[in-house]
> 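Dropping a structure here in C-alpha cells format, bear with me for questions.
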Amino acid sequence: MIDRLNEFFFPKQVSTFASDIDNLFYFIFYSSVVLMAIVVIGMVVFSIKYRFKKGDKVRLTSSKDHDNILESLFFIIPLILVSITFVWGIRSYLKMIIVPDDAIEIKVTGQSWFWTFDYPEGGTSLNELVVPSNTPIKILLSSKDVLHSFFIPVMRTKMDALPNRYNIMWFEAQEEGVYDIFCTEYCGTAHSQMAAKVIVMKPKQYEEWVKELGSGDDDLPLDELGEKLYTKKACNTCHTLDGSDLVGPSYLETSRMWGQTRNFEDGSSAVIDENYIRKSILEPQSQIVAGYQGVMPTYQGLLSDRELDALIAFLKSLNDK
Amino acid sequence: MSENQNINYLNHPKGIMSWLLTLDHKRIGLMYLFSGIIFFLIGGLLALGMRLELAAPGNDFVSNDTYNSMYTLHGAIMIFLFIIPAIPGALGNILLPLMVGAKDVAFPRLNLASFYIYSFGALFAIYTIVNGGVDTGWTFYTPYSTQSTSNVVPMTLGIFIIGFSSILTGLNFIATVHKMRVPGLTWYKLPLFVWALYGTSLVQITATPVLAITMVLLILERFLGIGIFDPALGGDPVLYQHFFWFYSHPAVYIMILPAFGIISEIIPVHSRKKVWGYKFIAYSTLSIAFIGFLVWGHHMFTSGQSVFSQIVFSFITYFVGIPTGVKIFSWILTMYKGQVSFTTPMIYALSFLFLFTIGGLTGIFLGAVALDIHLHDTYFVVAHFHYVMQGGTIIAFLAGLHHWWPKSFGKMYNQKIASLCALGVFIGFNGTFFPQFLLGLRGMPRRYATYSDQFSELHTYSTFWSTILGLSIFIAILNLMWSLRKNNKLDPGSNPWGALTMEWTHTSSPPHPHNFESDPVFTNGPYDYDKVIVEPTLKK
Ligand code: HEM
Ligand SMILES: [Cu+2]
Ligand SMILES: [Cu+2]
C-alpha cells in the first residue's frame, strides 16, 4: 500500500536519504490536505448557508469582523506546522550535504549537451555514470561552459554545475539498476536532450568495469576500437545503428552514405568522406544536416586523433555489413 | 446609461487625440487595459502552442529552438508586459483616484508619461518577437544570456525601459494615497485595494531599480566585454542570480498584492458583509511587502550557496507564508452571516480562494530545503507558480474586470456566459496544472521541449485541459468586449452590486470626466454593511 502510494508520487527510492525526503513530503502533503479541507468546507458552507436567496430583502448584516480566539488559532496551528516543516527540512538537508569520509569521488563535468564522468581509478565515461551500490559516492561537479544542473530523481538530489567553481553532492545507492539523470538548468538548444543514465552495479562488478575502463585500448584494431567508442562516447544516445531515427541520423545506411552528397539546413551541400565525418564530429554546428537540429555537442578535445580515426573507421566499416 | 448622464469620461472630449494625449487617469487606465489584454492573448497563444508541442514526446510540432523561444517569450510577456505593468496600470489607475475621492492621480502628466514609457519598452519586446525571439528564459541567467545569439539585448532593454514606467507609476500612486484623499477618509477607512496598491507601489519603487541595474550590467557585459557575470570574462554567474532574484522575488509581490486587494474588495461587496480583520489585512500587506525583500535565496537552493544562507532563507520564507494564510481565513470568514450572491466576480473570487490556497501551500513544500532540492526546476515549480500567478493574480484580475466593468463602461455583459466561462477557467485550470505537480514529483524537468515516455500520459492530459482553459478565457474576454456594442440594452445602473466604496456611491457609471460632479463628501466607511443599506441597481 505504502509502496504503491510512493510509486504514484515519486520515482523509486534508491538513495539512503530518499525515504526521509519522501516522508517530509507526506507530512506537508497531509497537513496541506487538512488545511485545504478547512478552506474548502469553510467556503462552501458559508457561501451556501448565507447565500442571498430569491425574494430575500437587502438588509444590514452582522458587524462581526474579528474573533481573537479563532484568529490566534489561525496563527498558532500553521506556525506549529511550518516550524516542524522547517526543522525537518533543514535536518534532512544536513544529511544530504555531509559527505561520508569513505566516499568514492567522481568528477562530473557538464558541457553543452552531455555529461563526462572521471573516475578516481583513471578513465572517463560519457553520459553513463557507473557507481557501486551501498557505497557513498561524492560528486565533484562543474561545467565547461554555461550553467547546467545535475539531477538524479531516484536519488532525490540535484546540484547546479557552475563554470567557475566546484559544487559538491553525494548519494549512496541501495539498489542496483539503471536510472535517469536529467539536466535541470536551462542550457540552450538541446537542454531537453541532455540526459544521461546512472548505472548502479554490485561493488565487484563495478571494480571490473572501472579496471576495464582504465585499461588502454592501444592494441585494438581501429574499427573495433571505434565500435567501443561509439557507445563509450555516447554517440549511440543520438544515432542508432538500425535505421530508426533518434535526435540524429541513423548510421545503418553508411554503406550507401560514403560518396553521396549531404544537404544542409542552410541549402549548401557536401560529399560524404572521411574529412566530412571528421569535421562533423569536431565542429558539428558548422554543417547541419537538413531535417535535423544542431544539437550535437562538439567532441573537440574529447577524442584523441587515434580515437577519431577509429570512429571514422567504424562508421566506414558499416559499409561491409 | 440614463439620459442625463450623457457626459462621461468615455465620450467627452471626443477624438483620437483626446485619447492619446489624455491626462485622465481613467482613460490612461483603459489604454493600459487594452494593451495588457493584447499581450495576455499573445502570451496565451504561445502557451497553447507550447502545450501542443508537449502533448506527446518528441519534436512533433516545433523544434527545440522554437520551443525555447516560445517559452521565454511566454514568460517574459506575461510577467514584464502584462501582469507587472498592466494590472496596477489598468485597474489601479482607473480606481485609485475614484476610491480616494480625488479628481485624478497626484501627477497626471507623469501618469501619461508612464504609459508611453511602457509602450516604448513594449516596442522592443515586439521587435524581439518579430526578429526571431529570444531563448534564455525570462530569468536571463548568465553566462548563457551573455553568449546566446538570440535577441537578448532588445528584450532586456525593453524590460529596462518598462521598469521606469513601473517606478513612476508607483511614485504617483504613493503620492496620491498620501495627498489626495478626500477629507475624512483616514488611513483605516481606505478600501483595502488602496492599501494593496500602496504596498505594491512601495515594492515597485524600491525593487525595480535593482532589476534595471542588473539589465544594464548584462547589456554592458555583452557589448563591452566587462566581466561581471560571465566567468569566461572573470565574472560570477551566481552573483547574477542574487541580483536577479533580489528584484524578482519582491516582484512576485508586485504581482500578487493587487490581487489580494481586488479580492478584499469583491468578497465584502458580493457577500454584503463587513470585511473580516481589516487591520490585519492592511498591515499584513505592508509586512509581506517588506519581508518579501528577504527571501530571494529560496530560488537558489541548488546553486551552491552557503549552508547558513540556505537555512536563513528557508526560515524567512515561512514568515511570508503565515500572514498570507491568515488572509485566506479572513476572506472566508467575511462571508459569515452575510448575504452571498453568486455573481460572476464572486465566482472568480471563490475560485481564487481555492487556487491560491493550493499555490500557497505548495510554496511550503518548496520552502523546505531538502524537498526543494528534489523539486527545484521541475514541473512542480511550473505548477506552483501558475497556481499563484494565474490561479491567483489572473483570476483576481478577471474577477476585478467583471466587477468594475460596469463601472468603467456603464454596460453590463451577459452574466450567464461570463459565469460559465468562470467555471470553465476553474476546471480547465486545474486540469491543466494539477497534473504538473505529479510530473514534477516524478522528476520531469522544466523548460524541456521534449521528454521521455514515462511522462507522456500526464502531459497529454495537461494539454487536453489547456484547450478548455484557453477557450474559456478567450470567450470571457469576447463576452466583455461584446457588451460594449451600441445597442446593448442591459443597464447596470450606477451601483449594480450595491457596493459602499466611493467609486460606486459618489459618482455615475461611467464616471464624469472629472470623476465627481461636485466635491465628494466622505460619508461611510468602505465596508459598513452593518450600518448602511444600498440597494443594488442591477436588476436580476
Ligand atoms: C493558458 C494558460 C497557460 C498555459 C497553458 C501555460 C503554459 C506554460 C508552459 C507550457 C510553460 C513552459 C514550462 C517549461 O517548459 O518549463 C510555461 C511557463 C511559464 N508561464 Fe505559463 N501558461 C499559461 C499562463 C500563464 C500566465 C497567465 C502566466 C503569468 C501570469 C504564466 C507565466 C509563466 C512563466 C513565468 C513561465 C516560465 C517561463 C520560463 O521558464 O522562463 N503563464 N507556461
Ligand atoms: Cu540543461
Ligand atoms: Cu521567491
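None of these values were measured; they are calculated from a predicted model. Each chain gets a letter, A, B and so on, in the order its sequence line appears, and its residues count up from 1.
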> So, do B/His374 and A/Phe151 have ring centers that fall under 6.0 Å from each other?
yes
> I need the residue from A/Met159, A/Arg156, A/His191 with the largest number of non-hydrogen atom pairs under 4.5 Å to chain B.
A/His191
> Mind checking whether B/Tyr318 and B/Phe315 have ring centres under 6.0 Å apart?
no
> Mind ranking B/Asp530, B/Leu333, B/Val307 by heavy-atom pairs under 4.5 Å with chain A and telling me who comes out on top?
B/Asp530
> Against chain A, label B/Ile328 side chain, backbone, both or neither, depending on which of its atoms sit under 4.5 Å from a heavy atom there.
side chain
> Classify the ring geometry between B/Tyr278 and B/Tyr527 as parallel (under 30°), tilted (30 to 60°) or perpendicular (over 60°).
tilted
> Any side-chain donor paired with an acceptor under 3.5 Å for A/Tyr93 and B/Gln310?
yes
> Would one find more than 12 heavy atoms of other residues, nucleotides or ligands at under 6.0 Å from atom CZ of B/Phe434?
no
> Pick from B/Met444, B/Gln339, B/His376, B/Lys531: which one has the most heavy-atom pairs with chain A under 4.5 Å?
B/Gln339
> Side chain from CB out, backbone as N, CA, C, O: work out which of these in B/Ser330 comes under 4.5 Å of a heavy atom of chain A, or both, or neither.
neither
> So what's closer than 4.5 Å to chain A heavy atoms on B/Leu350: side chain, backbone, both or neither?
both
> If you round to the nearest 0.5 Å, how far is NE2 of B/His459 from CD of B/Glu457?
12.0 Å
> Please identify, among B/Phe329, B/Tyr529, B/Phe342, the residue contributing the most non-hydrogen atom pairs under 4.5 Å to chain A.
B/Phe329
> Heavy-atom pairs under 4.5 Å with chain A are the metric here; pick the option from B/Ala368, B/Ser63, B/Gly277 that has the most.
B/Ser63
> What part of B/Tyr144 lies closer than 4.5 angstrom to a heavy atom of chain A: side chain, backbone, both or neither?
both
> Taking the six-membered ring for Trp, are B/Phe455 and B/Tyr379 closer than 6.0 Å centroid to centroid?
no
> Give, as side chain, backbone, both or neither, the part of A/Asp67 having an atom under 4.5 angstrom from any heavy atom of chain B.
both
> Among A/Glu185, A/Arg51, A/Lys158, who wins on heavy-atom pairs under 4.5 Å with chain B?
A/Lys158
> Heavy atoms only, distances under 4.5 angstrom: which of A/Tyr166, A/Phe25, A/Phe10 has the most pairs with chain B? Name it, please.
A/Phe25
> So which of A/Phe182, A/Phe27, A/Tyr186, A/Phe17 has the largest heavy-atom pair count under 4.5 angstrom toward chain B?
A/Tyr186
> Under a 4.5 Å heavy-atom cutoff, which of B/Met335, B/Lys279, B/Lys337 has the most pairs with chain A?
B/Lys337
> With a 4.5 angstrom heavy-atom cut-off, could you sort out which part of A/Leu70 is near chain B: side chain, backbone, both or neither?
side chain
> What residue in B/Ile364, B/Asp372, B/Thr146 has the most heavy-atom pairs under 4.5 Å with chain A?
B/Ile364
> Report, as yes or no, whether the 6.0 Å neighbourhood of atom CZ on B/Phe319 holds more than 12 heavy atoms from other residues, nucleotides or ligands.
no
> With a 4.5 angstrom heavy-atom cut-off, which part of A/Leu94 approaches chain B: side chain, backbone, both or neither?
side chain
> Which answer fits A/Leu147, side chain, backbone, both or neither, if we ask what part of it has an atom under 4.5 Å from a heavy atom of chain B?
both
> Output yes when A/Arg165 and B/Asp236 qualify as a salt bridge under the 4.0 Å nitrogen-oxygen rule, no when they do not.
yes
> Answer with yes or no whether the side chains of B/Ser452 and B/Gln454 bring together a donor and an acceptor at under 3.5 Å.
yes
> So with a 6.0 Å cut-off around CD of A/Gln285, is the heavy-atom count from everything else above 12?
yes
> With only heavy atoms counted, which part of A/Ile21 is less than 4.5 Å from chain B, the side chain, the backbone, both or neither?
both
> Indicate whether the side chain of B/Thr343 and that of B/Ser341 have a donor and an acceptor atom separated by less than 3.5 Å.
no
> Quickly, which of B/Ile281, B/Ile263, B/Ile322 forms a side-chain contact (heavy atoms from CB on, under 4.5 Å) with B/Lys327? Name it, please.
B/Ile281
> So for A/Val40, is it side chain, backbone, both, or neither that comes closer than 4.5 Å to the heavy atoms of chain B?
side chain
> Top residue by heavy-atom pair count (under 4.5 Å) with chain B, among A/Ala161, A/Pro163, A/Ala190?
A/Pro163
> Can you say whether B/Val275 sits under 4.5 Å from chain A via the side chain, the backbone, both, or neither, judging by heavy atoms?
backbone
> Does the cation-pi check pass for B/Arg447 over B/Tyr67, that is, NZ or CZ under 6.0 Å from the six-membered ring centre and within 45° of its axis?
no
> Go through the atoms of A/Lys64 and report whether side chain, backbone, both or neither lie under 4.5 Å from a heavy atom of chain B.
both
> Contact part of A/Ile97 toward chain B, heavy-atom cut-off under 4.5 Å: side chain, backbone, both or neither?
side chain
> Tell me, out of A/Gly42, A/Pro78, A/Ser92, A/Gly188, who's got the most heavy-atom pairs with chain B below 4.5 Å.
A/Gly188
> Measure B/Phe280 against the heavy atoms of chain A and call it side chain, backbone, both or neither at under 4.5 Å.
side chain
> Cut-off 3.5 Å, side chains only: do A/Tyr26 and A/Asn6 have a donor facing an acceptor?
yes
> Return yes if a side-chain donor-acceptor contact under 3.5 Å exists between A/Asp145 and B/Gln147, otherwise no.
no
> Can you say whether B/Pro536 sits under 4.5 Å from chain A via the side chain, the backbone, both, or neither, judging by heavy atoms?
side chain
> Which atoms of A/Ile38 are under 4.5 Å from chain B, going by heavy atoms: the side chain, the backbone, both sets, or neither?
side chain
